[in-house]
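The block underneath contains the structure these notes are about, expressed in structure tokens.
So that the names make sense, note that chain A is the first sequence line, chain B the second, and so on, each numbered from 1.
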Amino acid sequence: MWPFLFSINKEENMKNYHSLRKTRDFQIVYNQGKSKVNKYLVLYSKKNDLGYNRLGISVSKKVGNSVVRHHITRLIRESYRLNQDTLKQSYDMVVIARNSAKDTNYHIIESAFLHLINLHHLKRVDHI
RNA sequence: UUAGUCAGACAAAUGGCCGCGCCGUUUCAGACGAAAGGGAAAUGGUGAGGAAAGUCCGGGCUUCACAGGGCAGGAUGCCGGAUAACGUCCGGUAGGGGCAACCCUCAAGCUAGUGCAACAGAAAUAAACCGCCAUGAAUAUGGUAAGGGUGGAAAGGUAAGGUAAGAGCUUACCGCCUGGCUGGUAACAGACAGGGCAUAUGUAAACCUCAUCCGAAGCAAGACCGAAACGAAAACGAUAAAUUGGCCCGAUUUGUUUUCAGGUGGGUCGCUGGAGCUUGCUGGCAACAGUAAGUCGAGAUAGAUGGCCAUUCAACGACAGAACCCGGCUUAUCGGCUGGCUAAACAU
RNA sequence: GGCUCCAUGGUCAAGUGGUUAAGACACCGCCCUUUCACGGCGGUAACACGGGUUCAAAUCCCGUUGGAGUCA
């Protein structure tokens with residue numbers, strides 16, 4: 001009985017997103033993954049073997065000061081969090097904020113993120 | 001009321017839903033990991049500034065070095081005080097700005113030495129270009145430093161006397177220097193006497209001199225647990241062992257275990273209760289110190305504060321995000337609020 | 001997060017506090033050549049920004065901005 005319950009808990013744990021941490025992981029995605037661009041964001045993606053998705057966010061110092069960069073990071077993370085149930089699993093994704101993203105709000109960032117997801121065909125088919 | 005000046009506090013608010021870091025409690029699991037460590041849910045609490053910034057100074061803390069002292073190098077620079085310490089702060093002196101409240105000042109020493117001062121100008125640390133005066137006759141010689149001109153700076157300034165013309169040559173006032181006296185802890189101020197200014201200009205954010213201070217590096221400091229890699233020793237083992245393989249033959253390799261050492265990936269500590277904050281009292285002009293009561297307010301590790309909706313406003317809210325901690329400085333900044341003081345106008 | 005350093009025409013760069021800030025490549029104009037190139041002559045173009053010291057600052061001092069390196 002208990003192992004069954006534990007497995008439920010582990011599924012619940014998937015709500016917390018996994019992040020890319022090492023410079024090496026980012027380099028693998030940059031070199032071997034595919035990239036799509038729109039006005040505000042850049043999205044790299046690459047299939048991995050882990051069975052779950054990992055997200056990396058990169059905001060350059062050219063975009064703004066620390067407050068602006070943190071704010072954009074939070075907007076992107078919120079977009080991913082609220083939409084991750086609709087995505088295919090087992091992919092590494094890196095989102096890069098472009099310079100024009102500093103004057104936006106949440107709605108623009110979310111629509112830009114979903115636009116790039118569609119370009120990568122990462123939407124789960126049974127959800128459409 | 002307007003204008004100004006100084007000081008202080010604030011840094012949009014409220015509610016609902018979803019979500020994040022840390023801490024406590026309860027419940028569940030004892031998975032995962034070699035170990036150290038560590039999981040999930042519910043609930044409660046808590047969660048970024050006045051500059052968190054720049055990293056310009058100072059201190060704590062840690063490691064390294066060190067008998068003691070000096071040189072070199074660096075920093076500071078009116079006087080006194082505060083402080084753990086400071087290049088900070090407070091009070092005063094001097095100079096400057098403002099009608100005033102008040103504000104500003106890298107404020108030792110070029111009369112210890114050395115260096116530099118372009119161009120212009122006759123000449124730049126040195127004396128005579130034009131001048132003025134005398135002799136003499138147009139030239140020249142001598143005296144002089146008033147006036148002109150150049151320059152940032154040309155042998156104290158103004159006035160009067162004096163003189164052939166002039167000159168601190170003489171006198172008065174001011175400036176400078178020297179001497180003691182008075183007041184003050186001192187910087188300095190005041191009055192007095194003398195010098196007769198040949199101590200000759202400026203520059204020390206030029207070298208330098210004098211006085212005081214400084215060992216170096218920085219939490220990516222440092223301490224601990226520890227897979228791996230590189231090693232050491234002991235035991236076992238060449239008729240052996242391991243890998244490949246269903247087994248044998250064959251092929252390839254030299255090892256296996258234990259202990260020590262080592263310290264990579266990883267983890268834990270350092271990490272936040274402190275020169276702490278609030279209020280009152282006492283001492284002090286003040287900075288500040290002492291004391292009593294109350295109080296605990298982030299601690300992440302690729303880095304937590306976000307999103308949506310509704311309402312209100314001065315109406316879309318500036319500058320901006322802790323990363324070991326503290327005291328300052330500097331820089332950025334929407335604004336409105338409170339208090340003291342000053343000037344002007346009006347009213348009483 | 002800590003530490004160290006740099007900034008001079010479009011580019012690379014020299015420059016003891018004192019002339020109109022040296023030079024090279026590039027660009028523009030003229031000459032040469034049938035034309036281009038080479039060559040010759042001439043020209044445009046800069047001290048990151050703001051204060052201060054000084055008679056005088058690219059240079060000395062302070063602050064700001066931008067850039068680079070290094071420490072796991």
Atom-pair distance ([atom1] on [X]; [atom2] on [N]), nearest Å:
X	N	atom1	atom2	value
A:Asn105	B:G306	CG	P	15 Å
A:Gln84	B:C20	CD	C1'	13 Å
A:Ile72	B:G307	CD1	P	12 Å
A:Arg81	B:C308	CZ	P	12 Å
A:Asn83	B:C18	CG	P	18 Å
A:His107	B:G307	NE2	P	10 Å
A:Glu78	B:C18	CD	C1'	8 Å
A:Leu75	B:U305	CG	C1'	13 Å

Base partner of [N], which must satisfy Watson-Crick or wobble distances under 3.5 Å:
N	value
B:U5	B:G340
B:G147	B:C130
B:U209	B:A108
B:U244	B:G250
B:G218	B:C61
B:G15	B:C309
B:A100	none
B:A82	B:U88

| Quick one: side-chain contact (heavy atoms from CB on, under 4.5 Å) partners of A:Leu75, sequence neighbours excluded? |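 With sequence neighbours excluded, A:Leu75 shows a side-chain contact (heavy atoms from CB on, under 4.5 Å) to A:His71, A:Tyr106, A:Ile109, given in chain and number order.
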| said: Applying side-chain contact (heavy atoms from CB on, under 4.5 Å), can you list everything that pairs with A:Asn31, at least two apart in sequence or on another chain? | reply: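 A:Asn31 satisfies side-chain contact (heavy atoms from CB on, under 4.5 Å) with A:Gln27 once adjacent residues are dropped.
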Using the [atom1] atom as the point on both nucleotides, what is the distance between [M] and [N], in whole Å?
N	M	atom1	answer
B:U331	B:U55	C1'	12 Å
B:G336	C:A48	P	40 Å
B:U5	B:C102	C1'	6 Å
B:A82	B:A287	C1'	6 Å
B:G184	B:A204	P	37 Å
B:G321	B:G299	C1'	15 Å
B:U178	B:U199	C1'	11 Å
B:A124	B:U88	P	44 Å

| Non-hydrogen side-chain atoms of A:Gln84 and A:Leu55 separated by less than 4.5 Å |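 A:Gln84 vs A:Leu55: side chains apart.
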| request: Evaluate the side-chain proximity of A:Tyr80 to A:Asn53: yes if any heavy-atom separation is below 4.5 Å, no if none is. | output: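 Yes; the side chains approach each other to less than 4.5 Å.
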Distances under 3.5 Å between protein N/O atoms and the N/O atoms of nucleotides 298-302 of chain B, please, pair by pair.
unit_1, atom_1, unit_2, atom_2, d
B:A302, OP1, A:Arg21, NH1, 3.1

Can you name the nearest heavy-atom pair linking [X] to [Y], along with the distance?
X	Y	result
A:Lys88	A:His121	NZ-O, 3.0 Å
A:Tyr40	A:Ala112	CD1-CB, 4.2 Å
A:Gln32	A:Lys46	OE1-CE, 3.0 Å

| field | Inter- and intrachain pairs under salt bridge (Lys or Arg N to Asp or Glu O under 4.0 Å), touching residues 64-74 of chain A, at least two apart | value |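 For residues 64-74 of chain A, and leaving out neighbouring residues, there are no salt bridge (Lys or Arg N to Asp or Glu O under 4.0 Å) pairs at all.
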Please work out whether [N] sits syn or anti, treating a glycosidic angle within 90° of 0 as syn.
N	result
B:G50	syn
B:G69	anti
B:A122	anti

| said: Holding to ring pair (Phe, Tyr, Trp, His ring centres under 6.0 Å), I want the full list of residues that pass it with A:Tyr44, two or more places apart in sequence or in another chain. | reply: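 Scan of A:Tyr44 (ring pair (Phe, Tyr, Trp, His ring centres under 6.0 Å), adjacent residues dropped) gives A:Tyr30.
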Which atom pairs link the protein and nucleotides 48-54 of chain B when you take only N or O atoms and keep those under 3.5 Å?
unit_1, atom_1, unit_2, atom_2, d
B:A48, N6, A:Arg74, NH2, 3.0

| said: My understanding is that only residues two or more places apart in sequence, or in another chain, count here; which of them pass salt bridge (charged side-chain N to carboxylate O under 4.0 Å, His left out) with A:Glu78? | reply: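 A:Arg81.
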Name all residues meeting the side-chain hydrogen bond (donor to acceptor under 3.5 Å, both in side chains) criterion together with [X]; count only those two or more places apart in sequence or in a different chain, and write none if there are none.
X	value
A:His115	A:Asn38
A:His120	A:Ser45
A:Ser90	A:Asn48
A:Arg98	none

| Under 4.0 angstrom between A:Arg77 side-chain N/O and B:G303 OP1 or OP2 |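 It does, given that an N or O in the side chain of A:Arg77 lies less than 4.0 Å from OP1 or OP2 of B:G303.
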| said: Tell me whether the side-chain N/O atoms of A:His71 come closer than 4.0 Å to OP1 or OP2 in B:A320. | reply: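 Result: no.
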| message | Quick check on RNA chain B: between A:Thr73 and A:Ser66, whose nearest nucleotide comes earlier from the 5' end? | response |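 Result of the comparison: A:Thr73.
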| message | Take N1-N3 plus N6-O4 or O6-N4 for Watson-Crick, N1-O2 plus O6-N3 for G-U, both under 3.5 Å. Which runs of 3 or more such pairs involve RNA chain C? | response |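 Looking at RNA chain C, the stems formed by three or more consecutive pairs are C:1-7 with C:65-71, C:10-12 with C:23-25, C:27-31 with C:39-43, C:48-52 with C:60-64.
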